[in-house]
Peer 1: 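Before anything else, here's the structure in question.
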Amino acid sequence: MTPTLGTVTGHFDSAADRLRLTDVQRTLLLGSEREVRVRFSINVGTGSALFEGYRVQHNGARGPFKGGMRFHPSVDLEETRALAALMTWKTALVDIPFGGAKGGVSCDPGRLSERQLEQLTRQLTARLVDFIGPTRDIPAPDVNTNARVMAWMMDEYSKFHGYTPAVVTGKPLDLGGSPVREAATAAGLVHVLEAALSAEGRRLRGCTAVVQGFGNVGSWTARLLHERGARVLAVADADGAIGRSTGLDVPALVSHLGAGGAIADFPGGERISREQPERTPCDVFVPAALGGLVTPEVAERLGCRLLVEGANGPVMPAADEVLRQRGIEVIPDILANAGGVVASYFEWVRNLQHVSWSEAELDAQLRERMLAAFRAVHGRARTEGTTLRQAAYELALSRVLTAVRLRGQID
């Protein structure tokens with residue numbers, strides 16, 4: 001499952017009601033400014049195969065559009081619209097000068113060779129070349145895309161406009177990438193988690209956690225939690241789940257996966273059912289797989305005290321109410337996983353200004369930006385008596401609406 005526009009609209013409507021937005025304001029803030037749909041073919045050895053790609057530019061009132069580019073069979077226009085809207089609220093919440101966008105191609109990259117993936121990326125970029133750019137729309141890695149894909153995109157765009165490293169972020173270091181980009185989303189999540197625990201007089205060290213999804217965000221989150229003294233009791237991915245009551249040896253698990261092993265075959269953990277991680281009693285549950293996985297039924301059986309959204313849109317609106325009734329606090333995606341776009345902002349600035357910072361400087365700036373956003377959300381939630389999600393959406397919508405008004409796009 002992936003986040004739908006209905007999921008995003010549910011969270012949006014709650015905040016819009018509290019802010020008393022007019023029908024015109026709601027329509028302008030929720031609708032997309034531009035939607036690009038492209039078709040192209042590549043040679044797959046047995047002949048030509050047709051692919052369809054999308055780029056949705058949701059709102060650019062606060063700056064150039066910004067958002068990932070994913071390659072996945074589930075990619076469609078509705079999903080892309082939803083994810084683009086989330087990016088608008090995310091960039092506004094962490095107060096960086098970007099709007100929101102998202103893109104992707106409906107494909108199974110596991111069935112394509114590296115050469116075919118490169119052809120697909122270059123064909124996609126060539127068809128989007130008039131719609132992206134360092135002051136227009138800046139793509140980044142997402143599901144099944146990485147620094148290599150961003151290098152192909154940058155190179156293809158540069159054929160039309162000259163060397164332009166700022167056209168994408170998440171590039172290899174040797175092409176102007178950031179030394180913290182790979183771990184940035186997880187690092188931002190852990191910074192926010194530590195702040196949330198501190199607000200309750202608790203510490204991360206000694207806490208227990210379960211991580212659902214073990215891709216880039218999930219694996220880095222598990223690593224950072226382990227490094228800071230938390231015990232990761234269970235992890236899961238599409239192929240299986242494992243647990244260990246005393247805590248998994250996360251570095252050993254990462255090495256096992258790096259050597260080609262599967263989570264379910266890791267000798268340092270016990271195989272468990274797919275539902276068991278959700279039921280495991282723990283302090284923190286981190287859904288870091290695809291969106292929409294926490295349904296009301298899943299919310300009823302969660303064994304955590306705090307849920308931190310590592311994925312985009314992992315909790316369905318109806319499940320939010322179940323979690324609220326059960327006293328499980330949720331740190332929403334537009335706050336929890338915003339570390340990636342913050343690091344992208346630093347990379348973009350570096351490329352535009354031809355400056356560089358050390359890894360320590362970048363991490364300090366990332367932490368400062370994430371903590372400032374958490375304090376603003378936490379403060380509003382406590383003052384207004386709302387959930388963290390409601391407070392985050394209200395802050396984000398207010399900032400975007402202010403920019404729209406200042407630009408004269410609405411009265």
Side-chain angles (χ1 to χ4, degrees), residues 2-5 8 28-42 50-92 97-109 117-161 164-171 290-291 312-313 340-341 344-345 347-348 400:
T2 54
T4 66
L5 195 59
V8 174
L28 186 64
L29 291 183
L30 192 57
S32 303
E33 291 185 19
R34 180 185 290 117
E35 297 178 351
V36 182
R37 185 173 185 168
V38 299
R39 289 189 178 95
F40 55 89
S41 65
I42 65 170
L50 186 67
F51 295 89
E52 187 163 87
Y54 310 93
R55 189 66 180 176
V56 173
Q57 297 170 335
H58 176 257
N59 188 291
R62 288 175 47 87
F65 301 104
K66 187 78 184 78
M69 191 71 76
R70 60 174 54 185
F71 295 165
H72 193 273
S74 72
V75 170
D76 60 23
L77 190 54
E78 182 184 24
E79 176 198 72
T80 309
R81 285 171 177 158
L83 293 169
L86 285 174
M87 283 301 301
T88 296
W89 316 137
K90 190 179 300 186
T91 56
F98 286 142
K102 207 73 173 188
V105 177
S106 178
C107 69
D108 182 356
L117 280 173
E118 181 178 354
Q119 291 177 18
L120 183 147
T121 302
R122 291 184 181 276
Q123 290 275 14
L124 173 68
T125 306
R127 282 155 180 76
L128 294 177
V129 73
D130 292 331
F131 303 98
I132 62 175
T135 60
R136 179 172 294 178
D137 183 351
I138 306 108
D142 204 278
V143 176
N144 293 328
T145 57
N146 53 25
R148 186 68 173 134
V149 172
M150 292 303 105
W152 293 330
M153 289 195 75
M154 185 203 77
D155 184 68
E156 190 66 25
Y157 182 87
S158 296
K159 291 178 182 178
F160 296 87
H161 296 284
T164 315
V167 67
V168 296
T169 58
K171 301 180 296 297
L290 293 174
N312 288 315
V341 75
S344 286
Y345 168 62
E347 181 178 336
W348 177 71
V400 176

Peer 1: For V105, run the side-chain contact (heavy atoms from CB on, under 4.5 Å) check against L124, V38, V75 and tell me which one passes.
Peer 2: L124
Peer 1: Between the main-chain N or O of T169 and the side-chain N or O of S344, is there a donor-acceptor pair closer than 3.5 Å?
Peer 2: no
Peer 1: Once salt bridge (Lys or Arg N to Asp or Glu O under 4.0 Å) is applied, do any residues pair with R127, and if so which ones, sequence neighbours excluded?
Peer 2: none
Peer 1: When you measure from the side chain of W348 to the backbone N and O of P134, does any donor-acceptor pair fall under 3.5 Å?
Peer 2: yes
Peer 1: Main chain of V149, side chain of N146: is a donor-acceptor contact present, judged purely on distance under 3.5 Å?
Peer 2: yes
Peer 1: Taking salt bridge (Lys or Arg N to Asp or Glu O under 4.0 Å) as the test, write out the residues that go with E118, two or more places apart.
Peer 2: R115, R122
Peer 1: Rounded to the nearest 0.5 Å, what separates atom CD in Q123 from atom CD1 in I42?
Peer 2: 8.0 Å
Peer 1: Which residues satisfy the ring-ring contact (aromatic ring centres under 6.0 Å, His included) test with F71, sequence neighbours excluded?
Peer 2: none
Peer 1: Apply side-chain hydrogen bond (donor to acceptor under 3.5 Å, both in side chains) to S32 and list each qualifying residue two or more places apart in sequence or on a separate chain.
Peer 2: E35
Peer 1: Answer yes or no: is there an ion pair linking R81 with E78, defined by an N-O contact shorter than 4.0 Å?
Peer 2: no
Peer 1: I'd like to know if the side chain of T88 and the backbone of G100 have a donor-acceptor N/O pair within less than 3.5 Å.
Peer 2: yes
Peer 1: Among residues at least two apart in sequence or on other chains, which ones pass side chain to side chain contact (heavy atoms under 4.5 Å, CB included) with R37?
Peer 2: R39, E52, Y54
Peer 1: Looking only at atom types and distance, does a side-chain atom of K66 sit under 3.5 Å from a main-chain N or O of I138, one as donor and one as acceptor?
Peer 2: yes
Peer 1: Excluding sequence neighbours, so at least two apart, what forms side chain to side chain contact (heavy atoms under 4.5 Å, CB included) with A84?
Peer 2: V56, H58, K102
